[in-house]
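Everything numeric here is computed off the predicted structure, so don't read it as measured data. Below, chains carry the letters A, B, ... as their sequence lines are ordered, and counting in each starts from 1.
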Amino acid sequence: SQTIHQWPATLVQPVGSPLSLECTVEGTSNPNLYWYRQAAGRGLQLLFYSVGIGQISSEVPQNLSASRPQDRQFILSSKKLLLSDSGFYLCAWRGQGAKEQYFGPGTRLTVT
Amino acid sequence: QQQVKQSPQSLIVQKGGIPIINCAYENTAFDYFPWYQQFPGKGPALLIAIRPDVSEKKEGRFTISFNKSAKQFSLHIMDSQPGDSATYFCAAKTGTASKLTFGTGTRLQVTL
């Protein structure tokens with residue numbers, strides 16, 4: 001069966017510090033991968049998606065970036081965090097040819 | 001045109017009641033409509049989904065009704081239980097990359 005992991009689970013970072021969040025998927029090959037952000041009490045906003053290694057599409061211009069160094073690894077990064085980057089970051093995957101997206105447990109990021 | 005509008009924002013029902021959550025969309029390119037259930041601090045879990053060529057889909061106590069001409073769809077929870085208390089999100093998929101556009105969520109509370 002497929003599983004998706006995210007770490008860290010929680011993170012508190014000062015403004016201006018760098019960020020690296022990691023997502024890995026097990027039990028599937030060549031998945032589509034997605035990064036979403038959820039602000040408190042709000043819906044989910046798609047940030048980035050990837051259809052393959054090294055292929056990243058950005059949905060929202062911002063100071064975040066994403067990379068996919070391996071087939072089942074997706075990384076969300078920032079060089080300098082802003083207060084507005086606080087939120088709940090969710091990674092999701094979709095199997096090739098499938099419609100369903102499955103979410104990971106999320107990372108709660110607080111920028112102070 | 002990419003929006004999915006969800007209502008109500010919050011809902012309180014008694015145990016055994018049938019909460020109904022509604023969503024509306026404009027973009028006729030959407031071709032798949034999932035619902036997600038999210039508990040506090042957790043990632044959203046796929047609950048049930050429907051294609052636009054189907055008017056109703058039932059899985060257990062959860063039913064989606066879909067009105068293609070009105071561009072509306074809704075989630076019904078039969079015989080609701082306190083364990084159903086969660087936030088529910090509708091979403092709509094578009095494109096070969098399966099990008100999801102989410103509603104703003106409905107916080108459901110089922111009381112005893």
Given that the side chain runs from C-beta out, which part of A:Q6 has a heavy atom under 4.5 Å from chain B: side chain, backbone, both or neither? neither
Between A:A9 and chain B, with a heavy-atom cut-off of 4.5 Å, which part of the residue counts as in contact: side chain, backbone, both or neither? neither
Same cluster or not: [X] versus [Y], using hydrophobic residues (I, L, V, M, F, W, Y) connected whenever any side-chain heavy atoms lie under 4.5 Å apart?
X: B:F89; Y: B:I64; value: no
X: B:V54; Y: B:Y25; value: yes
X: A:I75; Y: A:V25; value: no
X: B:F33; Y: B:L75; value: yes
X: A:Y36; Y: B:Y88; value: no

Got a donor-acceptor contact below 3.5 angstrom from the A:Q101 side chain to the B:K99 backbone? no
For the atom pair [atom1] ([X]) and [atom2] ([Y]), what is the distance rounded to the nearest 0.5 Å?
X: A:Q38; Y: B:T87; atom1: CD; atom2: OG1; result: 8.0 Å
X: B:Q38; Y: A:L44; atom1: CD; atom2: CG; result: 6.5 Å
X: A:Y34; Y: B:S98; atom1: OH; atom2: OG; result: 4.5 Å

So for atom [atom1], which belongs to [X], do other residues, nucleotides or ligands contribute more than 12 heavy atoms lying within a distance under 6.0 Å?
X: B:R61; atom1: CZ; result: yes
X: B:Q14; atom1: CD; result: no
X: A:Q96; atom1: CD; result: yes

Under 4.5 Å heavy-atom distance to chain A, tell me which part of [X] shows up: side chain, backbone, both or neither.
X: B:A49; value: neither
X: B:T96; value: backbone
X: B:K93; value: side chain
X: B:P44; value: both
X: B:L100; value: both

Note: vs chain A, highest number of non-hydrogen pairs under 4.5 angstrom among B:A45, B:A91, B:P34, B:A97 is B:A97
Are any non-hydrogen side-chain atoms of A:E100 and B:Y32 less than 4.5 angstrom apart? yes
